[in-house]
Amino acid sequence: KACHDATEGKNKVGPTLKGLFGRTAGTVEGYSYSDANKSSGVVWTEETLKTYLADPKAMVPGTKMSFAGLKKEEEIDDIIAYLKEATK
């Protein structure tokens with residue numbers, strides 16, 4: 001909860017996740033992204049999120065995200081299912 005807001009569109013420690021699917025990484029207005037994130041060219045889809053949530057720093061070296069990643073595929077799938085509904 002301290003890192004991202006998924007429902008109200010407010011930036012926190014991390015950018016809002018509202019409208020996440022289909023958005024290009026590093027493009028939320030008013031959030032100060034790392035150069036790595038801004039230039040990554042990543043478009044957030046279920047597949048890119050699966051890779052990112054497993055190991056953010058491997059997918060976007062230099063990201064500011066201080067999340068080590070999830071190892072269990074079921075947990076990743078659960079988060080993606082939640083985000084699909086919460087970020088509409």
Side-chain angles (χ1 to χ4, degrees):
K1 283 190 166 192
C3 294
H4 295 280
D5 176 83
T7 59
E8 296 180 30
K10 296 177 184 175
N11 293 329
K12 292 187 172 190
V13 172
T16 180
L17 299 178
K18 183 90 174 158
L20 176 65
F21 288 87
R23 183 170 72 208
T24 301
T27 61
V28 169
E29 191 172 319
Y31 185 77
S32 178
Y33 287 95
S34 65
D35 289 338
N37 215 324
K38 287 189 286 189
S39 64
S40 70
V42 171
V43 175
W44 297 117
T45 65
E46 285 186 51
E47 289 307 312
T48 56
L49 280 168
K50 280 185 182 197
T51 302
Y52 190 76
L53 290 171
D55 192 348
K57 293 186 185 300
M59 183 171 172
V60 182
T63 184
K64 294 192 311 186
M65 181 125 151
S66 61
F67 175 66
L70 297 169
K71 301 306 171 210
K72 295 181 180 178
E73 190 171 337
E74 182 178 341
E75 290 176 345
I76 293 170
D77 290 342
D78 288 346
I79 288 175
I80 291 170
Y82 166 76
L83 289 172
K84 284 173 73 175
E85 289 301 313
T87 64
K88 290 181 180 176

Linking I/L/V/M/F/W/Y whenever their side-chain heavy atoms sit closer than 4.5 Å, directly or via other members, would L49 and F67 fall into one cluster? yes
Between K64 and S32 (side chain of the first, backbone of the second, donor and acceptor by atom type, cut-off under 3.5 Å), is there such a pair? yes
Side chain to side chain, S40 and M59, heavy atoms closer than 4.5 Å: no
Hey, is the main chain of N11 close enough, under 3.5 Å, to the side chain of D5 for a donor-acceptor pair? no
NZ (K12) with more than 12 external heavy atoms under 6.0 Å: yes
Which value, rounded to the nearest 0.5 Å, describes the distance between T87 atom OG1 and H4 atom NE2? 12.5 Å
Can F21 be reached from Y82 by stepping across I, L, V, M, F, W or Y side chains whose heavy atoms are under 4.5 Å apart? yes
Would a hydrophobic clustering, with Ile, Leu, Val, Met, Phe, Trp and Tyr connected at side-chain separations under 4.5 Å, put M65 with V28? no
Backbone N or O of K88 within a donor-acceptor pair of the K18 side chain at under 3.5 Å? yes
Say whether, by atom type as modelled, one donor and one acceptor occur between the side chain of T27 and the main chain of T24 under 3.5 angstrom. yes
For the atom pair CD1 (I79) and CG (L53), what is the distance rounded to the nearest 0.5 Å? 5.5 Å
T16 OG1 to R23 CZ distance, which is reported to the nearest 0.5 Å: 6.5 Å
Closest non-hydrogen atom pair, A6 against L83: CB-CD2, 4.5 Å
Sidechain-backbone polar pair: K71 side chain, A54 backbone, donor-acceptor under 3.5 Å: yes
Looking only at heavy atoms, the pair that brings P61 and A36 closest together is O-CB, 3.0 Å
For the residue pair G26 and K38, what are the closest heavy atoms and their distance? O-CG, 3.9 Å
Taking the side chain as everything from C-beta on, heavy atoms only, tell me whether I80 gets closer than 4.5 Å to K50. yes
Would Y33 end up clustered with Y52 when hydrophobic side chains under 4.5 Å apart are linked, directly or stepwise? no
Check whether any side-chain N or O of T63 sits under 3.5 Å from a backbone N or O of K57 as a donor-acceptor pair, and report yes or no. no
Closest non-hydrogen atom pair between Y31 and V13, with its separation: OH-O, 2.8 Å
Side-chain H-bond candidate by donor/acceptor type, T48 with T45, under 3.5 Å: yes
